[in-house]
Every structure is written in structure tokens, then in C-alpha cells.
Amino acid sequence: MPTKRHYCYCSLWSLFSYFSLVYILYFADSHKHKDKYKDKEHKHKDHKERENSKYGNSDHKEFSEKKHGEKEKERIKHKDGSTDRHREKDKRKEIKPKKEKENGFSSPPRIKSELNNDDVYHSPKSLKRERDHDETEFKPKKIKLENDKVDKKAKKRKQDEDIKPKKTQKNKKGEVADGKKKAKKEPEEKWKWWEEERATDGSKWSFLEHKGPVMAAPYEPLPSNVRFFYDGKQMKLSPEAEEVATFFAKMLDHEYTTKDTFQKNFFKDWRKEMASEEKSKITDLKKCNFNEMGEYFKAQSEARKAMTKDDKLKIKVENERLLQEYGFCIMDNHKERIANFRIEPPGLFRGRGDHPKMGMLKRRIRPEDIIINCSKGSKHPKPPPGTKWKEVRHDNKVTWLVSWTENIQGAIKYIMLNPSSRIKGEKDWQKYETARNLKKCVERLRNQYREDWKSKEMRIRQRAVALYFIDKLALRAGNEKEEGESADTVGCCSLRVEHINLYPEKDGQDFVVEFDFLGKDSIRYYNKVPVEKRVFKNLQLFMENKQPEDDLFDRLNTSILNKHLQELMDDLTAKVFRTYNASITLQQQLKELTSPDENLPAKILSYNRANRAVAILCNHQRAQPKTFEKSMQNLQTKIDAKKDQLSDAKRDVKSAKADLKVRRDEKFKKAVETKKKAVERLEEQLMKLEVQATDREENKQIALGTSKLNYLDPRISVAWCKKWGIPIEKIYNKTQREKFAWAIDMAEDDYEF
DNA sequence: CGTCGTACTTAGTAGCCACCGC
DNA sequence: GCGGTGGCTACTAAGTACGACG
């Protein structure tokens with residue numbers, strides 16, 4: 001029911017104080033690395049200053065000319081982790097000889113013993129990791145153990161305790177987390193890939209071994225007492241037809257199934273699966289009665305809920321076993337978690353929004369549809385007995401382990417690694433570095449597009465106005481999409497005339513543009529924005545002589561825009577603006593909202609408010625929680641009760657005062673005082689409840705998670721936590737800490753985005 | 001240039017589960 | 001113990017981007 005989404009009031013102008021960025025670089029007291037890094041610190045300083053001062057490559061070149069040890073020092077681990085990786089890749093062309101090691105991978109190895117890093121990641125010529133140079137203490141690399149979830153947590157904690165304090169010799173209140181944890185004894189050490197080299201030859205890995213995907217469970221035919229009726233008459237379906245019928249039956253009380261498109265698509269695809277007699281008999285969906293099937297599945301899920309603890313445990317154990325067996329792969333000597341190791345089961349396609357293909361049958365994927373990607377020298381995953389993979393390939397220019405083509409849109413689906421993996425983490429880190437580069441030149445670009453608003457060429461004006469929107473409103477790029485293949489949604493470049501309204505004057509503001517369109521996932525974007533006069537005039541121009549359904553930017557698309565952006569800055573694309581604006585907003589908001597003397601919950605509230613500002617900017621919405629109304633009502637009853645109490649208390653005060661008037665007595669005086677106190681207390685409680693209510697109200701349709709996970713440079717949050725002594729667990733849950741391990745490890749309290 | 005195929009990121013939701021107050 | 005509730009994870013759809021090709 002995507003239509004129940006509502007408005008986004010993105011009145012976040014104020015968040016964009018474009019000109020108010022304050023760069024506070026407290027170099028002097030920021031070097032709190034582990035002792036062993038100390039000697040490098042002055043270098044970091046140099047480097048960082050240079051980085052800030054310009055934005056070309058030249059500065060870096062000289063570094064690479066230096067010799068080993070020194071070069072290395074330059075590169076690694078700025079206290080803020082600001083190594084410019086993409087820049088380096090140009091310089092560091094030398095390719096390391098990669099070694100493939102088979103290294104005792106027997107079925108599901110719980111522990112991967114590590115090779116000496118030098119063997120594996122190094123070319124003699126390339127830069128080295130920092131650790132290498134304290135050769136004495138660093139030799140063969142430790143054991144890697146990256147499965148075992150339970151231990152992992154402990155491990156991480158341990159690290160937090162053991163390492164951070166060392167690094168941050170004095171660390172302010174920073175380590176609240178400190179004492180509180182029982183130091184568990186895992187000796188192993190988490191792999192810090194961020195302290196290592198990256199490949200520069202475009203290869204994504206040099207060794208990859210995995211067990212392949214877990215296929216979807218085969219279809220289990222219904223018991224014979226569960227019947228299907230057509231036109232009132234019972235009918236036994238062939239297994240193929242029955243399976244598809246069950247997909248529908250399972251969704252019976254979902255709104256989807258009432259939709260015309262859904263029914264049509266379903267029925268069409270269902271008929272394709274029917275045997276010919278079935279096909280000739282079953283011609284009208286309305287005459288189909290799936291109720292018994294539906295009831296059956298409901299009963300099943302009830303039964304599942306009512307299962308004994310033991311049975312539930314059994315399932316849990318089995319899942320865990322599958323996870324251990326298929327949930328990990330070996331990539332370049334490390335055991336890494338796979339994100340989605342299960343093949344998507346068949347079912348009915350549920351598109352979002354008004355999707356023309358909703359209800360279509362999502363086919364069962366067979367081994368013959370599946371492409372496996374792994375190392376030549378690795379133990380290849382075996383297809384299920386009696387089947388074959390479509391192909392086994394060895395492409396180390398890509399990161400996926402398994403792929404197949406889905407039948408609805410013809411899109412390719414992949415099995416890839418978890419966000420905590422090196423391969424995802426590096427990319428993520430790089431993304432934020434690109435956004436930080438944008439920060440350095442964003443003013444230049446803004447001046448540029450302002451100029452371009454005046455261009456004689458229509459395409460340039462359009463490009464400039466679109467870019468203005470992308471920058472100011474954090475709109476998505478807006479690739480064009482094939483009509484009829486998916487829901488009608490747009491982004492910036494694909495905006496149509498009908499999606500905006502122009503008001504020369506509205507609500508006391510001049511030159512207001514009103515946006516109203518469906519964006520990704522058919523989430524509505526609604527916003528009224530005052531714009532600069534030139535933009536406004538341009539928009540009028542772009543809309544001249546056009547129909548509502550015509551493109552607003554008819555001379556522009558994402559590839560033109562991105563090509564232009566590439567010329568302005570390396571690696572710059574439209575989506576970088578979203579990342580940049582999100583992160584910079586968080587940083588500013590945190591600065592603004594955090595007050596030093598607040599207590600911990602208040603600080604966390606401030607963090608969430610800052611986070612919320614970003615979510616609003618990016619229009620990250622969620623469906624109102626189903627229980628929202630009710631829980632809100634509960635809160636309201638509480639508030640009402642409080643109000644009653646309060647007015648009672650006030651009345652008490654009054655009567656006490658009256659009493660006091662009649663008889664001036666110490667006792668009555670006291671009574672008045674205590675009654676007054678009671679009133680105050682109640683007022684305070686009431687206020688708290690009301691704040692809570694507004695808070696929840698404000699958040700009801702805003703999803704904070706997306707921005708936290710995808711747009712906010714985690715180092716900003718980590719730094720903020722360190723600065724104010726907030727335990728990181730208050731901000732990031734376990735998964736998030738795993739994903740952002742690199743940032744947690746490298747960012748210090750003075751990190752500046 | 002536009003189109004297509006591919007790879008990878010970003011997105012919201014369903015449903016499970018741990019925890020909380022009673 | 002119980003039911004509500006909020007957090008989290010798994011899932012998979014829907015974006016962006018880019019290179020090859022004609």
C-alpha cells in the first residue's frame with residue numbers, strides 16, 4: 001500500500017548553511033595513536049595540510065617517489081583516515097604479485113590461519129602497511145576467525161578496550177565503555193583490512209572459494225484434505241499449478257490480491273503453469289476458491305508459533321549450521337561473511353507502488369540458471385546431485401560469488417559479501433572520501449552552476465538547474481526507465497513538467513517551486529522551496545510550450561550530467577552530492593545541537609535529531625508503524641490522565657489557599673507549599689510526556705536507518721561519540737558496528753568530514 | 001549519441017525475537 | 001508467564017553508474 005505514504009516537509013533550508021562551514025583542525029592535540037605510530041604523526045599533519053590545500057594529484061606524486069618506509073608512513077592511517085585512495089591508485093600502478101593459497105580450507109573451516117601478509121599483499125615496490133616496519137613485533141599474521149558470532153562480539157569489545165585506550169593515551173571521558181566490560185579472552189584479532197594495501201589493477205580479489213548458494217526448498221504438495229474449488233466444485237490441481245496457486249493463497253488477506261493488475265498478471269502466469277485440461281477449465285479467477293489453502297497456511301504459521309522451545313531450538317540450530325556451512329567464503333585468505341547465500345524462492349512478484357508487473361510469477365531458480373564465480377584453483381561448489389550449474393567462471397574483476405537472471409525484469413541477481421567484508425568496506429570508505437573531496441571544491445562547483453544558469457545554451461542551463469536541485473535538495477539523479485516495465489517514478493533528470501508548480505510568490509516568499517512526485521520505491525516527495533530568481537526564470541523557460549507529461553529537462557539525462565561532473569572533479573557523480581550533503585548536515589547539526597553539559601540521554605537525543613534532519617533531507621520515509629495509532633493513544637491517555645491530575649492538584653492549591661486565608665496558620669501555609677510543589681512536579685511530568693509524544697509523532701514516518709547506513713560518514717559519528725564520551729553501542733548496533741569497524745578503529749575525536 | 005548489459009548501492013518492509021512492564 | 005512493543009535481520013526491489021557496441 002504504497003499510497004499511504006505522505007508528505008515530506010523538507011523545509012531544511014537552514015541545514016544548508018553553505019557558507020558556514022568551519023574547519024576546525026586541531027592538529028596539535030589530535031595525535032593519539034598507539035605508541036608505535038607516534039613517529040609518523042608529524043607526517044600526517046603535513047599530508048593533511050596538503051590535502052586540504054589543494055586537490056590535484058601532484059602532491060601525491062612525490063610521495064610515491066619516496067622510499068618504502070616513508071611512503072608508507074604518508075599513506076596509512078591519518079588520524080582521520082583520510083587517505084586519498086583513489087588518488088593513489090593512479091600513482092601506484094605496480095601490481096602486487098598475488099598469491100593464491102589454499103591454506104587448509106577443508107569444508108567449513110572455522111578458523112583460517114593467516115599467511116604472512118607480506119607474502120600475500122605486497123609487491124616489493126608498493127607501499128607497505130604501517131605494521132610492517134616494526135618487524136620485531138609483527139611477523140606472521142595472527143589467526144583469523146571471523147565467524148562465530150558470539151565470540152566476535154566479545155572480540156570486538158575486547159579490542160575496543162585494549163586498543164583504543166592505548167591509542168588515545170589520555171582520551172577524555174571517551175571510554176565510558178571502558179571498565180564496564182568483562183574482558184573476554186579471545187586471543188584472535190579482527191582483521192583490519194583498512195590498514196592494508198588495496199589492489200590497484202582493478203582486480204577485486206585474487207582468491208575466492210565458497211560453497212555456492214543454498215537452493216530454495218522444493219515444493220511440498222498440499223495434503224489431500226486441503227482442497228481447491230473452481231466454480232464451487234472441488235478440483236485437484238497438478239503439482240505445478242498447485243504450487244502457483246499456493247503463492248496466491250498465502251497472500252489472500254493482503255491488499256495486493258485485490259488489485260486488478262495483480263490478479264491479471266497472476267492469472268495469466270498461473271495459466272501458463274497449468275496442465276491443458278486445467279487450462280481449459282480454469283478461465284476465470286473469480287471462480288477460484290483458495291480459502292482452504294489460505295486457512296491451511298494460516299494454521300501452519302500458527303502452529304509454528306506454538307511450537308515447543310525444543311523444536312524452535314532445533315530449527316535455530318539447523319539454520320546456524322547452514323549459515324556456518326554456506327554463509328562464509330574465503331576471499332584472499334580471510335573468511336568473510338556472505339550477505340545473501342540463499343537463492344530467492346519462487347513466489348509472486350511484489351513490486352512497489354503501482355507496478356505494472358505485480359502478481360507475475362517469479363520462477364523457481366534451478367542450478368541450470370546459476371552462474372558460479374570463484375577462483376580457478378579453488379574447490380568449486382557442487383551443484384545438487386543430478387544437476388549442473390549454468391556456468392562456472394573465474395572473474396576476479398567482479399565481487400559476486402553467484403548470479404542468475406530473474407524472469408520478471410530480466411535483471412541479474414547476485415550473491416555478494418556482507419557489508420562487514422573488506423570488499424564492501426573499502427568501497428564504502430572510498431565513497432566517503434569522494435564526498436569529502438567534493439567538500440573541498442563544492443563552492444567552486446556552485447559558482448560554476450550559478451554561472452551556467454545564464455548560459456546561452458539550453459542544455460547547459462538545464463544541466464545547471466538540475467545540478468542545483470541535486471545539490472540543494474539532495475534529489476537522486478533520475479535515470480530514465482522504460483515505460484511499462486516498472487512503476488512510474490522519477491528523479492531529478494527525469495522530472496516532468498507535471499511534477500513541479502511555480503509560484504512567483506507564495507506564503508510570503510518569492511519564487512517558490514513546489515515539487516510533487518514519486519521517487520524511488522514510489523515514495524512521494526513533496527516540498528515547497530524558494531529558489532533564486534534565475535532558477536525560477538529558467539524553469540519557466542523550460543516549461544514553455546510543453547505538455548504536463550513532457551520532460552522538464554529535455555536536453556539532459558544522467559549520463560550527460562555525470563559526464564559533466566567527471567570533468568569538474570575526479571569520481572564525481574550525481575549521487576555523491578547526496579552523500580556529501582547528508583554527511584555535512586550531520587556534522588553541522590551535531591555541532592549545533594550537542595551541548596556539553598547535557599546528560600547522556602539528552603546527547604543521544606541530539607544525535608537522533610541530527611540524524612533525523614538528514615533523513616528528512618533525503619526523504620527517507622517509512623510506513624507508519626501499524627501499532628502507531630494505538631501506542632500514540634496510550635500515550636495520549638497518559639497525558640490526559642496527567643492533565644486531570646494536574647487540574648486536581650491546582651484545585652487543591654486553590655482550596656488550600658482559601659483555607660489559609662480563613663485561618664492564617666502555619667499548618668495551612670505548609671499545605672499550600674506542598675500542593676504547589678505537587679503541581680510543579682506534575683507539570684514537569686506532563687511536559688516530558690508531551691515531548692515524547694511530539695518526538696514520536698515527528699518520527700512516525702521518518703526512517704533513520706537508511707541514512708545512517710548509507711549516507712553518513714561513520715567517522716563523524718565515531719568522532720562525536722569519542723568527543724562526548726558516548727559509548728558507540730548507543731549509536732550503532734552490532735551489525736552497524738561490524739559494518740563500520742574501519743571507522744570505529746580509525747576515527748579520533750577530532751575527525752572532520 | 002542512444003541502447004543494452006552488467007555490477008553494485010540504496011531502499012523499505014515482513015516477520016522474528018528479545019525485552020519490558022505487569 | 002504474558003502480551004505488547006520496539007529493534008533487528010533477512011529479504012529483495014529499485015535505484016545509480018558505467019562501459020561496450022553500433
Novice: What is the distance, rounded to the nearest whole Å, between atom CG of A:N479 and atom P of B:dA11?
Specialist: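 In whole Å, B:dA11 P lies 14 Å from A:N479 CG.
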
Novice: Using a heavy-atom cut-off of 4.0 Å across all strands, would you classify A:G478 as base, sugar-phosphate, or nothing?
Specialist: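 Sugar-phosphate, backbone atoms only, no base.
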
Novice: Looking at B:dC16, I'd like to know if its phosphate oxygens (OP1 or OP2) sit under 4.0 Å from a side-chain N or O belonging to A:K316.
Specialist: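 For B:dC16, OP1/OP2 do not have a side-chain N/O of A:K316 under 4.0 Å.
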
Novice: Rounded to the nearest angstrom, tell me the gap between atom CZ in A:R352 and atom P in B:dA14.
Specialist: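 To the nearest whole Å, that distance equals 10 Å.
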
Novice: Of A:R578 and A:Y414, whose closest DNA chain B nucleotide lies nearer the 5' terminus?
Specialist: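 Whichever sits nearer the 5' end wins; that is A:Y414.
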
Novice: Mind checking A:P345 for me? I need base, sugar-phosphate or nothing, with any heavy atom below 4.0 Å counting as a touch.
Specialist: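 Here A:P345 touches the backbone only, sparing every base.
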
Novice: Does C:dC18 have OP1 or OP2 sitting under 4.0 Å from an N or O in the side chain of A:Q566?
Specialist: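 Affirmative; the distance criterion is met.
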
Novice: Please tell me if A:K413 has a side-chain N or O lying less than 4.0 Å from either OP1 or OP2 of C:dA13.
Specialist: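 Answer is yes, contact under 4.0 Å.
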
Novice: Within less than 4.0 Å of OP1 or OP2 of B:dC8, is there a side-chain N or O belonging to A:K431?
Specialist: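 No, outside the criterion.
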
Novice: Would you tell me if any nitrogen or oxygen in the side chain of A:K424 comes within less than 4.0 Å of OP1 or OP2 on B:dT9?
Specialist: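 Yes.
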
Novice: OP1, OP2 of B:dG12 versus side-chain N and O of A:T706: anything below 4.0 Å?
Specialist: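 Yes.
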
Novice: Using whole Å, report how far CG of A:L518 lies from C1' of B:dG12.
Specialist: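 It is 15 Å, rounded to the nearest whole Å.
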
Novice: Regarding B:dT9, can its base be found pairing with the side chain of A:K427 as donor and acceptor, where the two atoms are less than 3.5 Å apart?
Specialist: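 Looking at the base of B:dT9, it does not pair with any donor or acceptor on the side chain of A:K427 (distance under 3.5 Å).
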
Novice: Does the side chain of A:R342 get closer than 4.0 angstrom to OP1 or OP2 of C:dC11 through an N or O atom?
Specialist: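 For A:R342, the contact criterion (side-chain N or O under 4.0 Å from OP1 or OP2 of C:dC11) is met.
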
Novice: On the nucleotide B:dC8, are OP1 or OP2 found under 4.0 Å from the side-chain N or O atoms that A:T399 carries?
Specialist: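 Checking A:T399 against B:dC8: at least one side-chain N or O falls below 4.0 Å of OP1 or OP2.
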
Novice: Examine C:dG7: is either OP1 or OP2 under 4.0 Å from a nitrogen or oxygen in the side chain of A:K734? Give yes or no.
Specialist: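 Checking A:K734 against C:dG7: no side-chain N or O falls below 4.0 Å of OP1 or OP2.
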
Novice: So, is A:H620 near the phosphate of B:dA11, with a side-chain N or O under 4.0 Å from OP1 or OP2?
Specialist: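 For B:dA11, OP1 or OP2 has a side-chain N or O of A:H620 closer than 4.0 Å.
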
Novice: Regarding A:E482, tell me which of base, sugar-phosphate or nothing describes its non-hydrogen contacts under 4.0 Å with the strands shown.
Specialist: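 No contact at all - A:E482 keeps every heavy atom at 4.0 Å or more from the nucleic acid.
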
